[in-house]
Protein chains: 2
Amino acid sequence: MLWERGYVGTSPKAIQLAAEAGQGSMYHHFSGKAELAKAAIERSGAELRAAAEEQFAGGGTATERITGYLQRDRDVLKGCRIGRLTADPDVMADPVLRAPVDETFGWLRTRLAEIIAEGKKSGEYPAGLDPEQTAATIAAVLQGGYVLARAAGSAEPFDLAVQGLVSLLKGVAS
Amino acid sequence: MLWERGYVGTSPKAIQLAAEAGQGSMYHHFSGKAELAKAAIERSGAELRAAAEEQFAGGGTATERITGYLQRDRDVLKGCRIGRLTADPDVMADPVLRAPVDETFGWLRTRLAEIIAEGKKSGEYPAGLDPEQTAATIAAVLQGGYVLARAAGSAEPFDLAVQGLVSLLKGVAS
DNA sequence: GTCTATACCGCGATAGAC
DNA sequence: GTCTATCGCGGTATAGAC
C-alpha cells in the first residue's frame, strides 16, 4: 500500500481492512502508523537488496551484470517502492522513516561502485572511470526512468533511458 | 506548496492561508482543489521549460549546452516540482492533472533529442548514438538524482550522478 | 467578489470491555 | 490479544449573507 499510495495516502484503517485485522490488533502490535510504516519500509528495502544482489552475484563481466540488473523485469509503471517514498513529506521529515530509505540506496550505490571497480581492475573499463560517479548515474537512471514512465503513462521512456545508458557504458568499455 | 508537500499533502485551507485569501475567494475563482492544482502544475511546467530553454538556446557545442543544463544551480534537496507529482496517486489517477506533467517531460526529451541530433550532424557524436535514448537517459539522471539526493539528505548523490553522466557523454564524444 | 457559518467525512489514536 | 465505542481534528466543499 505504501508502494501504491505512499505514506500520506495510506491510512491505518485501510491497512486494517486489507489485512482483515481490527483496530485493536494493530495498535497492540504497533505503536502507530509510523512504526508500522518503518517495518514495511525495512522489509521492502531488504527485498530490493536481495533482488539486486541476485543479478550482481551472477557470473559474467561487469557490464553483463549491470545490464542484467538494468534490464531485469520490472513493474515500471508502479515505480520503485523505496524511491517513491522520497516524495513523501512525512517520511522525509522523520529520520526514523528516512533511515531505511537512505541505507537502501547507500547500499545499492556502494555495490554498483564495487562492480565497476572490478571492471576497471579486469581492464574492461578505462582507468579514468570513476566508480562512485558511475554507480550514482546508474541508480539515478533507474529512479528517473520510473519517474518519466509514470509521467508518460507508459514504460517506453524507462526502456529508452536504460538502453541509452547501456549504450553509453558499452561506448566507454573496451 | 505542491512542490513541498505534493497534491495529497496540500489542503485548500493551507493554500488560502498562504495566499491570504478567504475560502469564498478561492471557490469563486476555481471549482475546487483539482482545478487550482491544474493551474499551478501548468505554470510550473512552463517555468521548467523556460529555464531549460535558456540553457539550450545558449551558444556552444551540444555537449556544452547539455552539461550547462545539467550543472546549472538547482534546489536539489527540494526535488523537481514536476517530477515529484508522479508519486502522487491522485495526480496520476486524474488525466487532467497528469497531462501537463506528461507534456513537460515530453517536451524536455524531444528538445534534448534535437540537441543530440545536432551534435551528431556536426560530427561531435558518433552516428550510432540514438538521440531519443540518450535524451531519456539525461532526463532520467536528473530525476533520479533528485530521488537519490533526497534519500540521502544531501546533494552529493545528485552531483555524482550528473558528473558520471557528463563523463560518459564526453567518453563517446569525439 | 468576498465573507462567515456550517456540513459531512475520514484520519489517527485512545478507552475500556471481553 | 482483539473487539467496539468514542474522541478531536482537519480536509473539502457548500450556503447564504453582505
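Below, read A as the first sequence line, B as the second, and so on, with proteins coming before strands; counting in each chain starts at 1.
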| said: Tell me whether B:R72 forms a cation-pi arrangement with B:F56, defined as NZ or CZ under 6.0 Å from the six-membered ring centre and within 45 degrees of its axis. | reply: no
| field | Flag side-chain contact, heavy atom, 4.5 Å: A:T134 against A:L169 | value | yes
| Which heavy atom of A:R150 sits nearest a heavy atom of B:T86, and at what distance? | NE-O, 2.6 Å
| message | Below the 4.0 Å mark, does D:dT2 have OP1 or OP2 next to a side-chain nitrogen or oxygen of A:H29? | response | yes
Could you give the [atom1]-to-[atom2] distance, from [X] to [N], as a whole number of Å?
X     : N      : atom1 : atom2 : result
B:I15 : D:dA13 : CD1   : P     : 10 Å
A:E20 : D:dC3  : CD    : C1'   : 16 Å
B:L17 : D:dG11 : CG    : P     : 10 Å
A:F30 : D:dG1  : CZ    : P     : 13 Å
B:D94 : D:dT12 : CG    : P     : 14 Å
A:H28 : C:dG16 : NE2   : P     : 18 Å

| From D:dT14, C:dT14, D:dG1, nucleotide with atom closest to A:Y27 side chain | C:dT14
| query | Atom CG in A:D130, atom NZ in A:K120: separation rounded to 0.5 Å? | reply | 7.0 Å
Protein and nucleotides 4-11 of chain C: nitrogen or oxygen contacts under 3.5 angstrom:
residue, atom, partner, partner atom, Å
C:dC11, OP1, A:S11, OG, 3.4

| Would you call B:K38 and B:E35 a salt bridge, using N to O less than 4.0 angstrom? | no
| field | Backbone N/O of B:S44 and side chain of B:R81: donor-acceptor pair under 3.5 Å | value | no
| request: Take B:S25 and A:Y7, find for each the nucleotide of DNA chain C with the closest heavy atom, and name the residue whose nucleotide sits nearer the 5' end. | output: B:S25
